[in-house]
Amino acid sequence: MKTTYDLNAYLDILRRQNQLVEIKSSVDRHFEIGSILANLESSNMGAGYFTSVKDADFPLVGNLLGSMERIALALDCSKDRINEVIAYGYDHPIPPVIVESAPCYKNILQGDDVDLYRLPIPQHAPKDGGPFITGGVVVSADPETGVQNLSFQRMQVKGKNKLGIMINEWRHLRDYFEKAEAQGHSLPVSVVIGADPAIYICAGLRCDGDEMEMAGALRKQPLEVVKSITSDIRIPACAEIVIEGEILPFEREMEGPLSEFTGHYSTAWESPVLHVKAIAWRDNAIYQTVCPGLAEHMYLGSVIPREPLLMRHARYVSKQVQNVHIPPYGSGFLALIQIRKKNPGEPKNLALAAMMTYVNIKNVIVVDEDVDIFSPSDVLWALSNRVIPEKDIFTIRGAQGHELDPGSDLRGVQTKMGIDATLCSEYENRDYERAVYPKINLTDYVK
């Protein structure tokens, strides 16, 4: 299969694999796009391509990375190799190369001509506080070292040239902004909307280097980058649309609510303000969105970036780990670990390791190798049959979690929980051997 290097190439692959639904009727960016994307997901119909958005100059795509099948297509690998491919990116970064020009700067608005309302920025859910950019990759740089970073931040449209931007406490972008603000300076950023899906996948990862080096590793060649027109920020040259601006120091406004990855509407927050200085796009550009709270939101933010690190940390603690999973239905707060247990203390050590792998992980369930961690019913079976609450459940109070978790305080401080759902060592005998029926080929019997 052909490896993808920009958004259009990826869309062509999705079309050939019947993973892209084209909606030709005119749609409203207020609620209608979000509703259609949610129904496409629940019906397992694929990504959505809206060719006609009311009062907008650009078509729109969404749900592009909303399934393991489409993520595998984006990475040119099978579903069972996704974690392996991502882990390779962590270990084999390839620095990007700078090019002098890029198609994304074919059309440019600056100064008084800047108008965010020309973009088809959706208000996805009925009680969202307004239109939000949710599928924009924020490119920033450490003001002291110059090291760049990719990340996802929600950005609410507050005017034709103003965005409210929520920056979580544990983000690199938060560190960069605090350094700039301490000196009384703005922090320049460029927001890329629409690009090679490898860039979107890497924007969800967390590393101390430049995630564009990891995107290069996924493509096994250097990523081409171009200098922004209003700052020294370097962006992927394959971008469809670019919004350039600066996050202003000492300025905060209420931002939100938004239908978040937790499945709840978040409350409004006092968030920094991003002043937009330029908008640029390539000819025939496509706007890309990530519909909040749907599977793509979870895959990009929690599953794909964190499972490889979870596997690495878990196997450092115990070589008996068979597999790990951060299921989308757990909002990124749940980690599942499958183990061939040798020591009765291993499950609790593994739960602690998982909690330290990533700040979002709040609940950890450790199961035996006969439990399928990709089957919710199997995991619930283990919880119901193999957990002795007073022995197998433990909590850690006052740990840092995610501030959007309804179980956390406003700083993200929460209680974390580990559950040993493995068979108690005292009962590991044939009396408690799980009954398993052999798999057969039903076509041999049903004709």
Side-chain angles (χ1 to χ4, degrees), residues 23 25-43 45 47-48 50 53-56 60-66 116-136 138 151-160 162-169 171 191 193 243 252-274 276 287-302 328-333 360 362 401-412 414:
I23 294 97
S25 57
S26 181
V27 296
D28 197 313
R29 71 182 79 179
H30 299 288
F31 319 141
E32 192 171 16
I33 287 174
S35 295
I36 293 171
L37 289 174
N39 281 272
L40 286 175
E41 178 180 294
S42 63
S43 302
M45 293 178 64
F50 301 86
V53 180
K54 292 178 183 176
D55 303 318
L60 178 147
V61 291
N63 282 7
L64 294 188
L65 295 164
L116 289 166
Y117 295 110
R118 292 188 60 176
L119 302 176
I121 303 172
Q123 184 171 357
H124 297 88
K127 294 186 179 180
D128 286 350
F132 274 82
I133 297 172
T134 52
V138 179
S151 64
F152 289 109
Q153 316 291 334
R154 71 189 209 187
M155 288 166 278
Q156 183 178 0
V157 178
K158 310 283 285 193
K160 64 191 295 285
K162 184 169 72 169
L163 295 164
I165 178 169
M166 182 182 182
I167 310 175
N168 300 116
E169 290 205 22
R171 298 278 192 184
V191 182
I193 300 175
I243 298 172
R252 305 290 191 273
E253 288 187 8
M254 296 302 294
E255 168 269 334
L258 179 71
S259 48
E260 269 289 356
F261 67 94
T262 63
H264 302 85
Y265 286 100
S266 71
T267 58
W269 297 75
E270 287 277 354
S271 292
V273 173
L274 197 166
V276 179
Y287 184 92
Q288 184 171 347
T289 194
V290 173
C291 196
L294 299 189
E296 183 179 24
H297 195 170
M298 291 308 309
Y299 280 121
L300 287 176
S302 296
Y329 58 80
S331 299
F333 302 145
N360 285 40
K362 177 176 70 172
H402 197 292
E403 57 265 42
L404 289 180
D405 182 349
S408 296
D409 68 15
L410 293 178
R411 297 290 302 278
Q414 60 182 208

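Note that the structure is predicted; figures quoted are calculated from it, not measured. Residue numbers start at 1 and run along the sequence shown.
Of the N and O atoms on the side chains of Arg154 and Ser271, not one donor lies less than 3.5 Å from an acceptor on the other residue.
Remark: Asp55 engages Arg29 in a side chain to side chain contact (heavy atoms under 4.5 Å, CB included) (not counting sequence neighbours). With sequence neighbours excluded, the residues satisfying salt bridge (Lys or Arg N to Asp or Glu O under 4.0 Å) with Glu253 are Lys158, Lys162. The salt bridge (Lys or Arg N to Asp or Glu O under 4.0 Å) search around Glu296 returns none, not counting sequence neighbours. With sequence neighbours left out, Glu32 forms a side chain to side chain contact (heavy atoms under 4.5 Å, CB included) with Val27, Asp28, Ile36. Judged as a side chain to side chain contact (heavy atoms under 4.5 Å, CB included), and not counting sequence neighbours, the contacts of Glu403 are Met166, Asn168, Glu169, Trp170, Trp269. Remark: Ala125 pairs with Asp128, Ser259, Tyr265 by the side chain to side chain contact (heavy atoms under 4.5 Å, CB included) rule, at least two apart or across chains.
Looking only at distances, a side-chain donor or acceptor of Ser408 sits under 3.5 Å from a matching main-chain atom of His402. With hydrogens and angles disregarded, no donor-acceptor distance shorter than 3.5 Å links the side chain of Gln153 to the backbone of Val138. Distance alone, capped at 3.5 Å, is enough to place a donor-acceptor pair between the Glu41 side chain and the Ala295 backbone. Between the side chain of Thr134 and the backbone N or O of Thr289 there is no donor-acceptor pair closer than 3.5 Å.
Interatomic distance, Phe132 CZ to Glu255 CD, rounded to the nearest 0.5 Å: 4.5 Å. Note that CZ of Phe50 is 11.5 Å distant from OG of Ser26, once rounded to the nearest 0.5 Å. Atom CG in Leu60 sits 7.0 Å away from atom OH in Tyr287 (nearest 0.5 Å). Put simply, CG on Leu258 and CD on Gln123 are 10.0 Å apart, with the number rounded to the nearest 0.5 Å. In this structure, CG in Leu40 is found 5.5 Å from CE in Met45, a value given to the nearest 0.5 Å. Atoms OG and NE2, on Ser331 and His297 in that order, are 9.5 Å from each other to the nearest 0.5 Å.
Proximity of Pro131 to Gln156: side-chain heavy atoms (C-beta onward) are nowhere separated by under 4.5 Å. Ser25 places a side-chain heavy atom less than 4.5 Å from the side chain of Ile23.
Here the shortest heavy-atom pairing between Pro272 and Ile167 reads CG-CD1, 4.1 Å. Taking every heavy atom of both residues into account, Pro120 and Val53 meet most closely at CB-CG1, 3.9 Å. Here the shortest heavy-atom pairing between Gln414 and Gly407 reads CB-O, 3.8 Å. A pairwise comparison of heavy atoms in Ser266 and Pro257 identifies O-CB, 2.6 Å as the closest pair.
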Can Leu119 and Ile133 be said to form a side chain to side chain contact (heavy atoms under 4.5 Å, CB included), step by step?
-> CA-CA 10 Å; Leu119 302 176; Ile133 297 172; 5.6 Å; no
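Residue Met155 is tested with Val276, Ile243, Leu116, Leu163 for a side-chain contact (heavy atoms from CB on, under 4.5 Å); the sole match is Leu163.
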